Amino acid sequence: MAAMSLGFSYAQVPTLSNSVSFGDAASQISTGTAVNPANGTTYSTGYYWGSPSFGTNVLPAPTGGNGGEDRNIYILKLTAPYSSSSVVWAQSIEGDSVLISNSIAYDAAGDVYVTRQYQRCCNSRWHDI
């Protein structure tokens with residue numbers, strides 16, 4: 001049996017330099033963020049129920065008819081410095097089931113990629129896409 005011990009040392013405690021809230025805390029869950037370190041452009045994804053507002057963008061409520069259990073995915077693009085007016089755009093991915101995004105990435109051309117899971121009504125099995 002082998003044992004390994006790792007120690008970590010930090011020169012300073014990180015500090016929060018900026019934060020901003022979007023939407024309604026009761027109806028959005030953030031699951032992924034990707035930041036361009038060169039200019040601070042940030043892409044964020046998560047899932048929601050209800051009809052949240054991100055800046056001036058209002059996303060549609062899920063309409064799958066699963067008794068309020070539906071979730072849609074949101075994708076945001078923000079620019080630095082971050083404020084409630086830094087939302088460039090907000091998009092939703094809608095379906096007739098529970099949709100949950102897992103992560104987000106972007107490429108040099110500005111294309112955004114999101115991974116997700118979905119669950120159909122009354123079926124407890126998750127399906128990866």
Side-chain angles (χ1 to χ4, degrees):
M1 174 182 279
M4 182 176 4
S5 174
L6 297 174
F8 295 96
S9 173
Y10 297 98
Q12 65 185 30
V13 175
T15 58
L16 179 64
S17 62
N18 193 339
S19 78
V20 63
S21 297
F22 295 99
D24 171 352
S27 63
Q28 298 86 48
I29 307 283
S30 176
T31 57
T33 303
V35 180
N36 181 335
N39 61 17
T41 298
T42 301
Y43 297 93
S44 178
T45 188
Y47 59 96
Y48 71 93
W49 52 101
S51 185
S53 297
F54 297 99
T56 60
N57 303 274
V58 179
L59 299 183
T63 59
N66 290 326
E69 295 298 318
D70 289 334
R71 307 286 186 265
N72 284 349
I73 292 172
Y74 72 81
I75 305 168
L76 298 176
K77 180 179 181 181
L78 307 135
T79 58
Y82 306 112
S83 70
S84 59
S85 63
S86 64
V87 176
V88 176
W89 51 257
Q91 293 289 321
S92 65
I93 299 174
E94 303 169 42
D96 62 351
S97 59
V98 177
L99 300 177
I100 296 177
S101 64
N102 294 317
S103 61
I104 190 166
Y106 65 93
D107 64 19
D111 297 319
V112 178
Y113 303 90
V114 175
T115 61
R116 71 175 191 166
Q117 293 178 315
Y118 72 95
Q119 180 183 33
R120 293 258 183 225
C121 174
C122 309
N123 179 351
S124 62
R125 295 176 56 198
W126 285 95
H127 306 279
D128 291 323
I129 298 178

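Quantities reported herein were computed from a predicted structural model and do not represent experimental measurements. Both backbone and side-chain heavy atoms feed into the values below; hydrogens, waters and symmetry mates do not.
- The distance from atom CG of N102 to atom CD1 of I73, rounded to the nearest 0.5 Å, is 8.0 Å.
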Pair I93, N72 - check side-chain contact (heavy atoms from CB on, under 4.5 Å), show working. CA-CA 6 Å; I93 299 174; N72 284 349; over 6 Å; no
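- In this structure, the side chain of T45 does not engage the main chain of S103 through any donor-acceptor pair within 3.5 Å.
- Once rounded to the nearest 0.5 Å, the distance linking OG1 of T79 with CG of N36 reads 12.0 Å.
- Under a 3.5 Å cut-off, the side chain of D107 and the backbone N or O of D111 do form a donor-acceptor pair.
- For S44 against T33, the heavy-atom pair with the smallest separation is OG-OG1, 4.1 Å.
- Rounding to the nearest 0.5 Å places CD of Q91 at 8.0 Å from CG of L59.
- Atom-to-atom distance recorded for Y48:OH and S27:OG is 9.5 Å, nearest 0.5 angstrom.
- Without hydrogens or angle criteria, Y106 side chain to V35 main chain gives a donor-acceptor distance under 3.5 Å.
- Checked against a 6.0 Å centroid threshold, the rings of F54 and Y74 count as neighbours.
- No chain of hydrophobic side-chain contacts below 4.5 Å, direct or via other Ile, Leu, Val, Met, Phe, Trp or Tyr residues, connects L99 to Y113.
- A heavy-atom distance below 4.5 Å is found between the side chains of P60 and E94.
- S101 and T31 share a side-chain donor-acceptor pair at under 3.5 Å.
- The shortest side-chain heavy-atom distance between K77 and T41 falls under the 4.5 Å cut-off.
- The shortest side-chain heavy-atom distance between W89 and I75 falls under the 4.5 Å cut-off.
- V58 and Y47 are members of different hydrophobic clusters when ILVMFWY side chains are connected at heavy-atom separations under 4.5 Å.
- The distance from atom CG of L78 to atom OH of Y43, rounded to the nearest 0.5 Å, is 10.0 Å.
- With rounding to the nearest 0.5 angstrom, the OG atom of S53 is 8.5 Å from the CD atom of Q28.
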